[in-house]
Amino acid sequence: MAEIAVPRHPKAVQCFKRAALEKYVERRAYDPEGLYYLGETLARLGEPPAAREMFKGALEAVNINPYTRHARIRKWRKLAEKQLRNLPA
């Protein structure tokens with residue numbers, strides 16, 4: 001049985017996460033959780049403009065979702081707002 005190569009270097013791990021999250025967000029464009037995690041990963045990789053777009057997308061996704069889901073996804077709105085405040089201009 002072939003083993004799956006798992007990256008050990010922190011930068012390689014972030015790149016691996018980025019690829020997986022980009023695929024996830026491509027399939028679920030209005031999922032605030034996926035957009036938030038992709039933004040967080042991009043911020044760690046040193047790409048603030050791209051991270052900012054993902055956090056803004058997470059905020060938009062929360063607003064677009066039906067009001068009945070807002071209680072469950074409120075967490076992602078708060079986290080995205082916090083990350084936007086902390087990103088360099």
Side-chain angles (χ1 to χ4, degrees):
M1 185 166 134
E3 292 184 25
I4 297 175
V6 178
R8 300 256 187 246
H9 190 273
K11 186 97 170 174
V13 170
Q14 293 301 319
C15 290
F16 191 74
K17 285 170 61 175
R18 177 185 184 171
L21 286 166
E22 283 175 342
K23 191 175 199 177
Y24 181 86
V25 167
E26 184 180 306
R27 294 180 182 173
R28 295 169 188 85
Y30 290 102
D31 178 22
E33 183 177 1
L35 290 164
Y36 171 79
Y37 281 129
L38 180 55
E40 187 179 57
T41 301
L42 290 168
R44 287 183 182 168
L45 287 170
E47 298 181 29
R52 184 175 305 282
E53 289 302 313
M54 292 301 115
F55 292 133
K56 286 180 181 179
L59 292 174
E60 182 183 336
V62 169
N63 292 334
I64 289 174
N65 271 288
Y67 185 74
T68 55
R69 291 195 64 216
H70 280 214
R72 285 182 272 163
I73 59 178
R74 185 180 307 131
K75 169 185 177 180
W76 304 111
R77 178 186 187 91
K78 289 179 181 180
L79 289 171
E81 288 172 343
K82 182 179 177 183
Q83 289 289 349
L84 279 171
R85 285 192 303 269
N86 295 335
L87 275 178

Just wondering, more than 12 heavy atoms not from R74 lying within 6.0 Å of its CZ?
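No, CZ of R74 has 12 or fewer neighbouring heavy atoms, counting only those of other groups under 6.0 Å.
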When rounded to the nearest 0.5 angstrom, what is the spacing between [atom1] in [X] and [atom2] in [Y]?
X   : Y   : atom1 : atom2 : value
L21 : R28 : CG    : CZ    : 11.0 Å
K75 : E33 : NZ    : CD    : 7.0 Å
N65 : E60 : CG    : CD    : 11.0 Å

Path from I73 to L35 over hydrophobic side-chain contacts below 4.5 Å
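They do share one cluster, since a chain of ILVMFWY contacts under 4.5 Å joins I73 to L35.
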Under a single-linkage definition using a 4.5 Å side-chain heavy-atom cutoff for Ile, Leu, Val, Met, Phe, Trp and Tyr, are L38 and F16 assigned to the same hydrophobic cluster?
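Not linked; separate clusters.
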Please report, to 0.1 Å, the donor-acceptor pairs under 3.5 Å made by any side chain of residues 78-89, with sequence neighbours excluded.
from	atom 1	to	atom 2	distance (Å)
E81	OE2	R77	NE	3.3
Q83	NE2	Y36	OH	3.4
N86	ND2	K82	O	3.3

Which pairs would a plain distance check flag for residues 41-48, meaning a side-chain donor or acceptor within less than 3.5 Å of a matching protein atom at least two apart in sequence or in another chain?
from	atom 1	to	atom 2	distance (Å)
T41	OG1	Y37	O	2.9
E47	OE1	R18	NH2	3.4
E47	OE2	R18	NH1	2.8

